[in-house]
Amino acid sequence: LGIKQGILYLQKNRYINKGKHHLIGIKKNYRNKDIGYYLTNLNLHKMQQRGYTSTEIGWIDEQNINVHKIIQKINGQPHRRYRVYEKNLP
């Protein structure tokens, strides 16, 4: 199947039931006011209404405590861990 046919097939058969949250940023003046939590929760609610059964919240820095708190509030569970490696070239 080509890309167009594949997308039409998936739309017709409703096999897309998993989503992905991309990074959001909160301006410094608005942090620690649960805005990130409410935005994430609203998005999860809308996804659930549309028939999604799961989602991935990815690429979170391990030192980003605020985002980890949001994930804990929504009962998110770790699924995969990625590492980024660096090497200086001569």
Side-chain angles (χ1 to χ4, degrees):
L1 290 174
I3 292 175
K4 185 176 180 181
Q5 292 86 6
I7 291 172
L8 290 173
Y9 174 81
L10 290 173
Q11 287 176 336
K12 180 181 177 185
N13 293 301
R14 302 288 298 162
Y15 279 80
I16 300 174
N17 62 359
K18 295 181 182 180
K20 178 167 176 69
H21 279 77
H22 290 282
L23 299 175
I24 62 169
I26 306 295
K27 286 187 171 187
K28 192 176 270 189
N29 295 343
Y30 298 98
R31 291 181 189 163
N32 300 318
K33 297 181 181 182
D34 280 343
I35 293 172
Y37 166 73
Y38 289 114
L39 289 173
T40 302
N41 208 27
L42 176 65
N43 196 15
L44 291 173
H45 182 68
K46 292 289 185 184
M47 290 176 73
Q48 194 174 30
Q49 286 178 336
R50 293 179 180 167
Y52 286 84
T53 59
S54 66
T55 187
E56 177 181 308
I57 304 170
W59 296 100
I60 306 301
D61 185 0
E62 290 182 28
Q63 297 174 351
N64 192 338
I65 304 301
N66 291 332
V67 173
H68 286 282
K69 287 179 183 178
I70 292 170
I71 294 170
Q72 286 175 349
K73 282 184 181 181
I74 63 169
N75 296 320
Q77 299 297 318
H79 177 64
R80 292 185 202 134
R81 290 189 188 262
Y82 296 97
R83 299 283 189 242
V84 177
Y85 295 89
E86 181 178 349
K87 178 177 178 13
N88 292 326
L89 300 174

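As a basis for the values below, the full set of heavy atoms in this structure was taken, side chains included, without hydrogen atoms, waters or symmetry mates.
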With heavy-atom distances below 4.5 Å as the criterion, would you say the side chains of [X] and [Y] are in contact?
{"X": "K87", "Y": "Y85", "result": "no"}
{"X": "I26", "Y": "N66", "result": "no"}
{"X": "I57", "Y": "I70", "result": "no"}

Practice prompt. Could you tell me which residues satisfy side chain to side chain donor-acceptor pair (under 3.5 Å) with E56, sequence neighbours excluded, listed by chain and number?
Written response: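 Testing E56 for side chain to side chain donor-acceptor pair (under 3.5 Å), a comparison that skips the adjacent residues, returns K20.
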Worksheet item: With sequence neighbours left out, what residues match R83 under side chain to side chain donor-acceptor pair (under 3.5 Å)?
Response: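 R83 satisfies side chain to side chain donor-acceptor pair (under 3.5 Å) with E62 once adjacent residues are dropped.
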Item to complete: Could you tell me which residues satisfy salt bridge (charged side-chain N to carboxylate O under 4.0 Å, His left out) with K73, sequence neighbours excluded, listed by chain and number?
Response: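 In terms of salt bridge (charged side-chain N to carboxylate O under 4.0 Å, His left out), with neighbours along the sequence ignored, K73 is linked to D34.
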Worksheet item: Got a sec, which residues hit salt bridge (charged side-chain N to carboxylate O under 4.0 Å, His left out) with K33, two or more places apart in sequence or on another chain?
Response: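 Salt bridge (charged side-chain N to carboxylate O under 4.0 Å, His left out) check on K33 returns nothing, list empty.
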Fill in: Polar side-chain atom of H68 near backbone of D61 as donor-acceptor pair, under 3.5 Å
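Between the backbone of D61 and the side chain of H68 there is a qualifying donor-acceptor contact (under 3.5 Å).
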Worksheet item: Among pairs that include at least one residue of residues 23-42, which meet ring-ring contact (aromatic ring centres under 6.0 Å, His included), considering only residues two or more places apart or in two chains?
Response: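 Found none.
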Worksheet item: Roughly how far, to the nearest 0.5 Å, is CD1 of I74 from NZ of K69?
Response: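 Separation between the atoms: 15.5 Å.
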Worksheet item: Out of L44, I71, I60, which one pairs with H21 under the side chain to side chain contact (heavy atoms under 4.5 Å, CB included) rule?
Response: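 Looking at L44, I71, I60, the match for H21 under the side chain to side chain contact (heavy atoms under 4.5 Å, CB included) is L44.
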Worksheet item: Quick one: side chain to side chain contact (heavy atoms under 4.5 Å, CB included) partners of N29, sequence neighbours excluded?
Response: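 Result, side chain to side chain contact (heavy atoms under 4.5 Å, CB included) vs N29: none returned.
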Worksheet item: Is the number of heavy atoms from other residues, nucleotides or ligands within 6.0 Å of CD (Q49) greater than 12?
Response: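 More than 12 within 6.0 Å, yes.
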